[in-house]
Amino acid sequence: MRRTNEFKASRQFFTVDSSCTTIIAVLASGILLSGYLEYLGIKESVNGIISSIPVMAAMAQPFGALAVERLKSEKWFVCTFALIHRLLFSLMYLIPLILPNNLRPIAVIIILISAHVIGAFMSPATTVWLMAIAPLKIRGRYFAIREKWLILTSSSAALIMGYIISYFAGKDKMITGYIILSITMFVATIIDFISLINVKETKKEYISSSFDLKDLLLPFKDKTFKKFMVVWCTWNIAIQISIPFLGIYQLTTLKLSYMYVMTLAVVVAILKIIVIKWWSKKAMKVTWEKVTQLAIVFIAVGQIMLVFTVEKNALWYTPIATLIGNIGWAAIGMSLMNFQYNCAPEKSKTIYLGVNALCGGLVGFCSAFLGAWIIEVTNILNVNFLGMIVKGQQVQMIFSGVILLCCALYIGRNFVTYE
């Protein structure tokens with residue numbers, strides 16, 4: 001009984017950790033990061049590539065997985081790297097106070113790359129640790145509750161920080177807003193670390209006694225996992241070709257304010273909290289594979305609908321397309337996590353997850369460059385459609401939606417229920 005209670009407390013601490021991590025991730029990405037990069041003088045196409053650094057950094061996961069395979073426990077490995085990871089993000093918005101104008105962009109890029117590589121390096125260990133304290137029979141319910149807290153805390157932080165940035169932008173004192181952002185992230189970092197060190201340490205069923213780079217080839221020999229890797233890579237191509245460029249598009253082309261976007265994020269969060277319970281019940285009745293397929297269809301529809309957003313209709317049309325897409329976004333995180341976890345064998349599981357992340361990161365980052373190229377070419381061609389100038393982000397979202405639908409079809413044809 002005591003052991004059960006310890007795991008229950010550990011799951012609660014992990015939820016606090018995940019909430020703090022999500023707050024930091026929200027404040028260091030999306031429209032806030034896009035606006036900050038614009039503030040530093042970085043152009044639109046490069047802005048999107050920088051925003052896709054997290055997917056490139058995911059290529060560090062296999063090496064973290066190899067290291068973790070030899071550890072008896074993941075706890076202090078995760079705690080140490082998590083602290084460094086969060087502190088780097090806390091520093092990012094203070095760069096204008098420290099360095100001259102010409103050095104600021106490169107310093108921010110170095111911080112982003114370093115932080116995301118560290119985050120990717122420890123990611124397989126974090127996933128395995130979390131799964132170890134969340135047994136399969138309660139996993140669906142636990143992830144639904146956890147997801148609600150992540151949505152609630154991150155959307156609240158986004159709304160408050162969006163208001164603060166909008167307020168100081170109106171007074172031409174952006175740096176003050178960025179200082180407040182940095183302080184908020186530092187407080188979240190401290191709470192996060194305290195939570196992690198209170199999570200129960202778990203012992204792995206299998207510990208590798210060797211460190212062999214040939215182990216990185218194991219996932220390519222597994223028929224089932226190879227199919228999942230196709231899903232993962234297709235998903236990353238579809239998302240990274242458009243999502244990293246969406247924030248700057250909303251700010252500069254659609255002329256939406258920080259406050260409007262963050263308020264919409266809160267509305268979206270409320271929707272996610274409502275539908276997450278339905279997704280959780282759906283996962284218990286069917287499989288995570290089928291949940292992933294359906295979630296991707298919703299996201300694809302949302303992406304295609306966003307193609308028709310222009311400045312004249314942005315205020316009323318953006319919420320409609322965004323809400324439809326976010327019915328899928330509410331489930332995709334937990335469904336993909338469980339999907340890949342189910343496909344990977346117990347032995348060398350962290351290596352499987354790491355290699356998968358590497359492949360997804362590689363194709364995803366290349367996809368971001370393709371997205372940047374689409375923007376540059378579209379701007380040069382200056383295409384006119386029904387009296388409106390076609391923007392590169394609209395072309396990106398067409399590709400994104402179509403690729404997502406192909407991904408959903410692939411899941412339907414290649415995966416069955418795992419008993």
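Counting begins at 1 with the first residue of the sequence. What you see below is based on every heavy atom in this structure, not just the backbone, and it leaves out hydrogens, waters and symmetry mates.
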Of all heavy-atom pairs between [X] and [Y], which one has the smallest distance, and what is that distance?
X	Y	result
L404	A300	CB-CB, 3.6 Å
A28	M185	CB-CE, 3.8 Å
F228	C343	CB-SG, 4.0 Å
V117	A57	N-CB, 3.5 Å
I299	W235	CD1-CH2, 3.7 Å
F365	I49	CE1-O, 3.9 Å

Tell me if the [atom1] atom of [X] is crowded by more than 12 foreign heavy atoms within 6.0 Å.
X	atom1	result
W373	CH2	no
F225	CZ	yes
Y163	OH	no
D172	CG	no
K277	NZ	no
W329	CH2	yes
K272	NZ	yes
F186	CZ	no

Value rounded to 0.5 Å, distance of [atom1] in [X] from [atom2] in [Y]:
X	Y	atom1	atom2	value
D17	L196	CG	CG	4.0 Å
M259	I165	CE	CD1	12.5 Å
D192	F13	CG	CZ	12.5 Å
I109	S114	CD1	OG	11.5 Å
L409	R413	CG	CZ	8.5 Å
I239	S52	CD1	OG	13.0 Å

Check: [Y] and [X] side chains under 4.5 Å, non-hydrogen atoms:
X	Y	result
V231	C407	yes
N338	F143	yes
Y317	M305	yes
L246	Q250	yes
P319	Y260	yes
T189	L83	yes
T15	I145	no
L40	N101	no

For side-chain contact (heavy atoms from CB on, under 4.5 Å), just list the numbers for S242 and Q393, CA-CA rounded to whole Å, side-chain angles, deciding distance to a tenth of an Å, and then say yes or no.
-> CA-CA 7 Å; S242 65; Q393 284 89 344; over 6 Å; no
Under a 3.5 Å distance rule, please check whether [X] uses its side chain to pair with a backbone N or O of [Y] as donor and acceptor.
X	Y	result
Y142	R11	yes
Q293	I411	no
Q394	K391	yes
K226	K221	no
N198	I194	yes
S400	A238	yes
K282	V291	no
T318	L315	no
Y352	D222	no
N379	I374	no

V26 vs T22, side-chain contact (heavy atoms from CB on, under 4.5 Å): CA-CA, chis, key distance, verdict | CA-CA 6 Å; V26 166; T22 304; 4.3 Å; yes
[X] side chain to [Y] side chain, donor-acceptor N/O pair below 3.5 angstrom:
X	Y	result
T253	E311	no
Q340	N356	yes
T309	Y249	no
S367	N236	no

Quick check: [Y] with [X] (ring centres under 6.0 Å apart)?
X	Y	answer
W129	F14	yes
Y39	Y178	yes
H85	F193	no
F415	F339	yes
F77	F121	yes

I would like to know whether L181 and Y36 meet side-chain contact (heavy atoms from CB on, under 4.5 Å); could you show each step before the answer?
-> CA-CA 11 Å; L181 266 179; Y36 182 54; over 6 Å; no
Given the options L358, T234, V355, T224, M229 meets side-chain contact (heavy atoms from CB on, under 4.5 Å) only with V355
Step by step, would you call Q303 with L306 a side-chain contact (heavy atoms from CB on, under 4.5 Å)?
-> CA-CA 5 Å; Q303 289 290 89; L306 283 171; 3.8 Å; yes
